[in-house]
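So the structure is just underneath, and the comments pick up after that.
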Amino acid sequence: MNTYAIIVLVALVGEYVLSVVSGLLNVGAMRPTVPAEFEGVFDTERYARSQAYTRVRTRFGLVQATVSLLALLAFWQLGGFGWLDARCRGLGWGPVPTGLLFVGALTLGSSLLGLPFRIYSTFVIEERFGFNRTTVGTFATDLLKSLVLGAVLGGGLVAATLFFFGWAGPLAWVWCWVATSVVVLIAQFVAPTWIMPLFNRFEPLEDGDLRTALLDYARTVRFPLTGIFVVDGSRRSAKANAFFTGFGSRKRIGLFDTLIAQQTTPELVAVVAHEVGHYKRGHILKRLWLQLGHSAALFWLLSLFLERQGLFDAFGVDTPSVHAGLVFFGLLLTPIDLALSLVLNRLSRRYEFEADAFAAETTGGAGPMISALKKLSAESLSNLTPHPLHVWLHHSHPPVLERLAALRAAPSRSG
Ligand SMILES: [Zn+2]
């Protein structure tokens with residue numbers, strides 16, 4: 001075992017142990033009584049059900065994490081990487097097709113390993129708690145579509161990376177970064193019109209009270225709300241959601257039909273105001289810059305490690321290559337990725353507070369946002385009392401009680 005192997009092993013096991021500990025602490029942090037803020041929103045039965053849901057989801061997550069870790073360690077220790085690399089090279093293809101085959105086989109293998117878990121999660125757990133609306137047909141076509149989409153987008157980017165590192169010399173990482181950035185930027189523009197409609201139907205919101213209220217609101221904050229769409233989220237799940245996509249004239253607000261069924265007009269205006277808040281406070285652009293900066297750093301680091309024979313030795317591959325280097329570098333990044341995700345989650349939680357505050361300020365008070373959040377938590381059986389370690393590691397949104405407290409504490413213009 002060389003240094004690289006030890007770093008990867010310690011990082012993988014460390015990450016696993018952290019998630020086990022945080023899962024157990026999270027379950028241990030649940031209390032039998034409904035928090036005062038939620039009396040009347042959660043009855044005892046619903047509260048017990050939300051805790052059962054957290055428990056079942058935690059157990060499921062731990063089983064999945066254990067199986068994934070063991071599968072990876074077994075594949076690695078039994079010489080799987082070296083064997084696969086030799087098989088791919090044995091075909092005598094050029095570096096790019098060989099690399100695509102290597103990366104593609106590993107990706108497909110890990111998707112196949114994850115498939116039983118996806119099936120169990122959708123058709124057993126979500127079903128049991130009354131969330132599942134996905135038919136077997138929808139599940140299968142979703143799977144197929146995401147495979148094709150992943151092969152086209154992911155395959156294209158991997159092929160470009162293999163090509164540049166093979167031919168572009170010391171500045172290859174810059175070319176890779178430019179190519180990735182172009183794809184990311186184009187995806188921002190085409191996602192709302194080309195990619196998302198592959199999975200959901202987007203119907204323009206019909207004329208009526210809700211549409212009038214949303215447009216009136218948008219005018220007061222000078223937000224050019226051209227597209228308000230109803231998304232058929234109910235095809236897959238009873239869970240509700242709202243989101244914002246696109247830039248410039250392609251800006252769209254998507255409201256799940258499940259959300260519209262659940263919330264009153266003022267609550268829906270507050271939810272949209274929250275999404276507008278993300279835009280107005282610059283969160284969407286900041287996230288995009290971070291993503292571009294992150295990929296520049298990754299490609300530069302990758303260029304440094306592609307030359308290290310030790311990295312290939314650690315995984316039992318004799319001949320260094322860009323394709324194997326790409327995969328092993330990904331594993332070597334485990335600790336850095338973990339650290340980075342802590343920072344990004346923390347930032348995301350701060351953005352949520354800012355967007356909530358924006359909604360309260362611009363809708364004439366915190367009331368509608370508070371009741372919207374309460375309903376969302378009750379309907380999705382949210383865990384109201386997550387353990388701080390769990391929040392720190394995994395949550396992109398602050399615990400709902402903290403959001404409610406911040407909304408109540410914030411001064412608002414007219415309420
Ligand atoms: Zn948000």
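Each ligand, and each atom within it, is numbered from 1 in the order the structure gives.
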### Task
Provide the tally of protein N/O/S atoms nearer than 2.8 Å to the Zn ion (ligand 1).
4

### Pair Phe131 + Tyr53: ring centers closer than 6.0 Å
yes

### Message
Checking Tyr16 against Thr66: is there a side-chain donor and acceptor pair closer than 3.5 Å?
### Response
yes

Would you be so kind as to tabulate the donor-acceptor pairs closer than 3.5 Å made by side chains of residues 171-178, with sequence neighbours excluded?
| unit_1 | atom_1 | unit_2 | atom_2 | d |
| --- | --- | --- | --- | --- |
| Trp177 | NE1 | Ser181 | OG | 3.4 |
| Trp177 | NE1 | Leu292 | O | 2.7 |
| Trp177 | NE1 | Ser295 | OG | 3.3 |

### Query
Are Phe328 and Phe305 close enough that their ring centers fall under 6.0 Å?
no

### Query
Would the Trp76 and Phe315 ring centres measure less than 6.0 Å apart?
yes

#### Entry: Ionic contact status for Arg236 with Asp142, cut-off 4.0 Å
yes

